[in-house]
Chemist: 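Could you have a look at this structure, given as structure tokens, before my questions?
Just so you know, residue 1 is the first one in the sequence shown, and it goes up from there.
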Amino acid sequence: RRVPKRNGSGIDLLADPTRRSIVSLIALGVSQPSRIAKRIGLSRSATSRQLRILAEASLITGRRGYVDGRERVYSKTDSVSVKHRVVGRD
């Protein structure tokens with residue numbers, strides 16, 4: 001089994017379907033690692049690892065949450081644009 005590339009340019013990192021799913025969720029407003037992990041079916045540690053890789057490539061940004069500062073909150077950077085289309089709606 002081929003292991004996905006862990007580093008490289010941003011576009012290379014998005015070749016991985018898990019990372020694309022994470023970026024899409026963040027672009028749609030899901031920002032907490034625990035919620036991202038639940039939506040894509042990964043463990044929290046595996047999700048955190050993917051988030052760290054995406055943040056190091058400047059595809060997303062992370063900061064401490066405002067409420068208690070314990071959990072990180074992620075958002076897309078201005079360079080990432082994910083188009084969302086609702087199928088079947090006029």
Side-chain angles (χ1 to χ4, degrees):
R1 180 175 172 206
R2 191 172 147 255
V3 177
K5 194 173 183 182
R6 288 189 51 99
N7 54 12
S9 69
I11 198 72
D12 291 338
L13 291 175
L14 291 177
D16 180 68
T18 300
R19 294 184 192 131
R20 280 196 313 271
S21 295
I22 291 171
V23 171
S24 295
L25 286 171
I26 290 171
L28 295 173
V30 180
S31 61
Q32 296 171 319
S34 58
R35 290 183 180 173
I36 294 169
K38 188 174 183 179
R39 295 279 298 268
I40 62 175
L42 283 180
S43 68
R44 286 182 65 167
S45 62
T47 302
S48 293
R49 182 178 32 232
Q50 297 300 325
L51 289 166
R52 186 173 49 253
I53 291 168
L54 292 167
E56 287 172 357
S58 299
L59 292 173
I60 60 173
T61 57
R63 63 170 172 76
R64 294 282 176 196
Y66 291 125
V67 176
D68 61 7
R70 291 187 302 170
E71 188 166 62
R72 294 192 64 81
V73 176
Y74 289 88
S75 60
K76 66 183 183 73
T77 59
D78 292 335
S79 64
V80 177
S81 175
V82 177
K83 294 182 179 181
H84 178 66
R85 185 179 81 150
V86 178
V87 177
R89 305 265 320 227
D90 294 323

Chemist: Tell me the closest heavy-atom pair linking Leu13 and Ala57, and the distance in Å.
Modeler: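 For Leu13 and Ala57, the tightest heavy-atom pair comes out as CD1-CB, 3.2 Å.
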
Chemist: With the 4.5 Å side-chain cut-off for hydrophobic clustering, are Val23 and Val73 part of the same group?
Modeler: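 In one cluster: no.
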
Chemist: For Ala55, check side-chain contact (heavy atoms from CB on, under 4.5 Å) against everything at least two apart and list the hits.
Modeler: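 With sequence neighbours excluded, Ala55 shows a side-chain contact (heavy atoms from CB on, under 4.5 Å) to Ile60, given in chain and number order.
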
Chemist: Mind checking side-chain contact (heavy atoms from CB on, under 4.5 Å) for Thr47 and listing every partner two or more places apart, or none if nothing turns up?
Modeler: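 In terms of side-chain contact (heavy atoms from CB on, under 4.5 Å), with neighbours along the sequence ignored, Thr47 is linked to Ile36, Ala37, Ile40, Leu42, Leu51.
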
Chemist: Please name the pair of heavy atoms, one in Tyr74 and one in Pro33, separated by the smallest distance, quoted to 0.1 Å.
Modeler: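 Where Tyr74 meets Pro33 most closely, the heavy atoms are CE1-CG, 3.7 Å.
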
Chemist: Starting at CG of Leu59, measure out to CD1 of Ile22 and round the result to the nearest 0.5 Å.
Modeler: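 Output value for this atom pair is 11.0 Å.
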
Chemist: Would you give the length of the straight line joining atom CG of Asp16 to atom CD1 of Ile53, rounded to the nearest 0.5 angstrom?
Modeler: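 Output value for this atom pair is 8.5 Å.
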
Chemist: Any chance you could measure Arg20, atom CZ, to Leu14, atom CG, to the nearest 0.5 Å?
Modeler: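 Nearest 0.5 Å value for the CZ-CG distance: 7.5 Å.
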
Chemist: Can you tell me which residue pairs pass the salt bridge (Lys or Arg N to Asp or Glu O under 4.0 Å) test with a partner in residues 53-65, sequence neighbours excluded?
Modeler: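 Qualifying pairs, neighbours excluded: none.
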
Chemist: For Ser45, what residues pass the side-chain contact (heavy atoms from CB on, under 4.5 Å) criterion, not counting sequence neighbours?
Modeler: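 Once residues adjacent in sequence are excluded, the partners of Ser45 under the side-chain contact (heavy atoms from CB on, under 4.5 Å) criterion are Ser43.
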
Chemist: Which residues pass the side-chain hydrogen bond (donor to acceptor under 3.5 Å, both in side chains) test with Ser75, sequence neighbours left out?
Modeler: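 Expected list: Thr61.
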
Chemist: For Arg39, which residues count as a side-chain hydrogen bond (donor to acceptor under 3.5 Å, both in side chains) partner, sequence neighbours excluded?
Modeler: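 So Arg39 forms no side-chain hydrogen bond (donor to acceptor under 3.5 Å, both in side chains) with any residue.
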
Chemist: Before accepting this row, confirm whether a basic side-chain N of the pair Glu71/Arg35 lies closer than 4.0 Å to the acidic partner's carboxylate O.
Modeler: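 No salt bridge links Glu71 with Arg35.
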
